[in-house]
Amino acid sequence: MDAREENNVKAVRGSKEEKKLLRKQIKASHTLLKHEGIHTAPQPTRSLVVANGGLGNSVSREELSAALKEMGEMESLLMPPHKPYAFVTYRCEESALKAYTHLNGQKLQCGESSITLYLAYVNSVTHEEEASVPLPEGLVLLEDFVSPEEEALLLAAVDWSSTNDDVTAQKALKHRRVKHYGFEFRYDNNNVDKDKPLPAGIPAECLPVLERCLRNGHINVMPDQLTVNEYESGQGIPPHVDTHSPFEDTILSLSLGAKTVMEFRHPDGRVVAVVLPGRSLLVMKGESRYLWTHGITPRKFDMVPACEQQSPDHVTPEPGTRSNLTLSKRGTRTSFTFRKIRLEPCRCAFTSACDSQGASSTPSPSTPSPPALPCCHADAARLEEEYVHRVYDAIASHFSSTRHSPWPRVCHFLSSLPPGSVLADVGCGNGKYLGVNPEMIAVGCDRSSALVQICAERGFHAFVSDALNVPLRTASCDACISIAVIHHFSTEERRLAAVRELVRLLKPGGHALIYVWAFEQEYNKQRSKYLKDHNKEHHGKENLAKNTSEDRREPHGKSAMQNSGHLEEGYEPVDKKQDVGKVTDGKLSVHTNRTAFNTQDLLVPWHLKEGKKQGEEESGDGGKRNKRKEKSTKVLTNQTRIDSNPGLSPGFDASMSPGLRLDTDDATHSPDSKPSPSGTTQTSSSHLKSESESHLTPVFHRYYHVFHQGELEQLCSQVDGVKVQSSYHDQGNWCVILEKD
């Protein structure tokens, strides 16, 4: 608030509380203008912006609408996806004035929590027209396919009381529990043993439903295999394509219990979000069954159309185009997925995803087994120690040589801080953000002692600390940043704890900037630099040395594909182009760099170049890189040399890629202060060494959890005493700015 506005507040005749409210209104208006480009109006109009009253703050349309309707007749209510604000337009200006007067500073109860609303007038409300997004070809959704009575019978037919049932091959998986009838899906080979049917066939309670499907032409043969999955609130399944060889074309998925949203993704980047109501039947045939991936994002709330009557397509339009969205709280959902065992090889037209025609879906028994997803706090800490902390200590010097240019939007945040502000950079890496604003007091911390040492050599104040327990006083910082750190925590509980720790450090009114790697590397029809550089390398390298690793030449669309034996099995297969692939259920997969993601929890390779000097790393920064040559250092120290310590870390992969430089593929694709490959301003198209200069390249693997759109905001909304001020997508990263109450 500037001096003129402060004087205006002082000039207002009113109580201390009224002046405090006015200050917060002005502050909210500034925030909307600065971060969202929303201009508020000084005079009354029929339209208002409702700060804090958005879907991004976990406010549902029904909750907000109920409060606004009490002020008068509404013409429209616009709630942009993932945003912490909404727009309301009343039929008359008097109603808007009443809302402005009575709702400003009032608390709105949203479930178990409450938020404070701040309203301001706007001259106009504009939004894009709703766009129609067709269903994938071959996909049909039938609502109310079974009656409530049939639903109860079907749910009662599944006995979950057994924990190890050989009759129905019951499994307790990490994100759900599952039963198989007729034939068991085998996670060790991503297939079914067609010669070993299970004792329990499809339950008799299912037969009337299947006979109805036959009569209506949804299937032409009776299924002989059933998989039942039960999902609790907050659980989901990664995007995948069902393996072709075990089952025939048509797959039926019956949703019972709570509604959810399933996302279908085409290899070309198209995304279609399909709302699956309770008692609905999803029929997958042709392209939708063989080519599109489908998955359910693990979260406790979905954004769905507010009205009960949906369009015939039952599809939510592209993000940002729908205005009548609301939040739907997830409950327990049970899916019945029916299939017919295939007796002959698949001969579909989608050969790039067909295991019968060459696409791999079977794990290689000769490769090392990747670690499993953690199931408890101790497992999570052990995974992060081996696949995060030890890796950074080993690659610290090389990593630091590839991190020079701070990202513009992070710099803007830091430069906007008032002189004398205290900043904590939690996960500071090599400290590249600590010197951005010399007028602030900046201190950094990092789990890697090797990176903290580099900070000290550069003259920055930094210390070794875990991001979950920072040894700074509560409410001691004006601002905190966490750039590419939280995506390294391997459970939602630990990611939430990291956000809470940031908020603890903030003074009231303080701000925190958080960056995490995004699952959506293509956003608003723009591909991130991370994906763009894959194409550059693909075209520039495909005719070079024969010892170039195969996965660099894999077409983007194909390498982004994931197969699965079941519609909702959560299976992650091996990409035959990778050294270590996707193996049994619950195991982490190794990502192919510069390709789209097909799962949220994964291992990302870092190819360490021994003896690489900073000035030699790339040509993208031109003269700036060459000027650093005199300060260059060897990548490996005596303590971290791989050849002298082969047992350094499970994060190290002894299978090495001969002859390939660590160029933009692994080391320099991120703006962050951690080696997170997420697209960068300093990346360049690199070149291969000559074959005579080639040498073995040690490969380390780092754990990541890449965030779906809205997941970071949802995580932050669970922290008390803080609100999401703004959120955005920045070159393959999801970002939020938090403000402490």
Side-chain angles (χ1 to χ4, degrees), residues 384 388-389 392 403 406-407 409-414 416-417 421-434 436-437 440 442-448 451-452 455 460 462-472 474-507 510-518 670-676 678 702-707 711-719 721-740:
E384 293 159 19
V388 181
H389 305 155
Y392 285 153
R403 295 307 191 269
W407 268 31
R409 296 190 74 166
V410 180
C411 290
H412 175 76
F413 174 85
L414 297 175
S416 67
L417 297 175
S421 296
V422 177
L423 169 76
D425 184 351
V426 180
C428 62
N430 66 349
K432 70 176 182 180
Y433 291 111
L434 294 176
V436 168
N437 184 353
M440 66 183 180
V443 62
C445 64
D446 199 282
R447 185 60 173 74
S448 169
L451 289 172
V452 169
C455 291
F460 297 130
F463 55 90
V464 177
S465 171
D466 194 299
L468 299 181
N469 188 19
V470 180
L472 293 175
T474 298
S476 60
C477 301
D478 299 290
C480 295
I481 60 174
S482 172
I483 310 301
V485 176
I486 293 176
H487 55 212
H488 286 305
F489 288 105
S490 54
T491 65
E492 182 179 359
E493 292 77 11
R494 292 169 69 81
R495 294 188 285 271
L496 181 59
V499 177
R500 286 200 173 108
E501 184 67 354
L502 290 174
V503 174
R504 182 190 69 81
L505 298 176
L506 289 175
K507 299 176 182 177
H511 296 86
L513 173 64
I514 301 174
Y515 268 58
V516 295
W517 205 6
S670 172
D672 48 53
S673 58
K674 287 291 184 188
S676 158
S678 39
R702 298 147 296 148
Y703 167 80
Y704 284 85
H705 171 86
V706 290
F707 280 62
E711 184 180 352
L712 180 57
E713 292 92 328
Q714 178 66 31
L715 185 74
C716 295
S717 70
Q718 300 178 53
V719 180
V722 69
K723 58 178 175 287
V724 177
Q725 189 180 77
S726 65
S727 60
Y728 55 93
H729 187 274
D730 188 12
Q731 275 299 319
N733 296 276
W734 288 118
C735 322
V736 299
I737 295 178
L738 305 179
E739 181 178 8
K740 187 171 182 178

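We're numbering straight along the sequence, starting at 1. Everything numeric in this text was worked out from a predicted model, so none of it was measured. Values below: every heavy atom of this structure, side chains too, minus hydrogens, waters and symmetry copies.
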Atom of [X], atom of [Y] and distance for their closest heavy-atom approach:
X    : Y    : answer
S482 : L502 : CB-CD1, 3.6 Å
Y433 : P406 : CE2-CB, 3.3 Å
R495 : F707 : CD-CZ, 3.6 Å
I486 : A498 : CG1-CB, 4.0 Å
L423 : M440 : CD2-CE, 3.3 Å
G431 : F460 : O-CE1, 3.3 Å

TODO: Would you please test F463 and V470 for side-chain contact (heavy atoms from CB on, under 4.5 Å) and show each step?
DONE: CA-CA 10 Å; F463 55 90; V470 180; 4.2 Å; yes
Kindly compute the distance separating [atom1] ([X]) from [atom2] ([Y]), expressed to the nearest 0.5 Å.
X    : Y    : atom1 : atom2 : result
L715 : W734 : CG    : CH2   : 15.0 Å
D466 : E384 : CG    : CD    : 8.0 Å
I514 : L738 : CD1   : CG    : 4.5 Å
R494 : H488 : CZ    : NE2   : 13.5 Å
L505 : D478 : CG    : CG    : 12.0 Å
C428 : L451 : SG    : CG    : 7.5 Å

TODO: Quick one: list whatever passes ring pair (Phe, Tyr, Trp, His ring centres under 6.0 Å) with F489, sequence neighbours left out.
DONE: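 So F489 forms no ring pair (Phe, Tyr, Trp, His ring centres under 6.0 Å) with any residue.
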TODO: Begin from the C-alpha positions of V426 and V485 and carry the test side-chain contact (heavy atoms from CB on, under 4.5 Å) through to its verdict.
DONE: CA-CA 8 Å; V426 180; V485 176; 5.5 Å; no
Open item on the list: Under the criterion side-chain contact (heavy atoms from CB on, under 4.5 Å), I'd like the reasoning laid out for V422 against S476: C-alpha separation, chi angles, the key distance, then a yes or no.
Closed with: CA-CA 8 Å; V422 177; S476 60; 6.0 Å; no
Task: Y392 six-ring face occupied by R447 cation (under 6.0 Å, within 45°) - done: no
Task: Partners meeting salt bridge (Lys or Arg N to Asp or Glu O under 4.0 Å) with E501 (sequence neighbours left out) - done: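 Here the qualifying residues are R504.
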Open item on the list: Run the salt bridge (Lys or Arg N to Asp or Glu O under 4.0 Å) test against K723 and tell me which residues pass, sequence neighbours left out.
Closed with: E739, D741
Open item on the list: Check whether N733 reaches the backbone of Y515 with its side chain - one donor and one acceptor, N or O, closer than 3.5 Å.
Closed with: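 Not a single qualifying donor-acceptor pair exists.
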Open item on the list: Between K740 (side chain only) and V503 (backbone N and O only), is there a donor and an acceptor less than 3.5 Å apart?
Closed with: yes
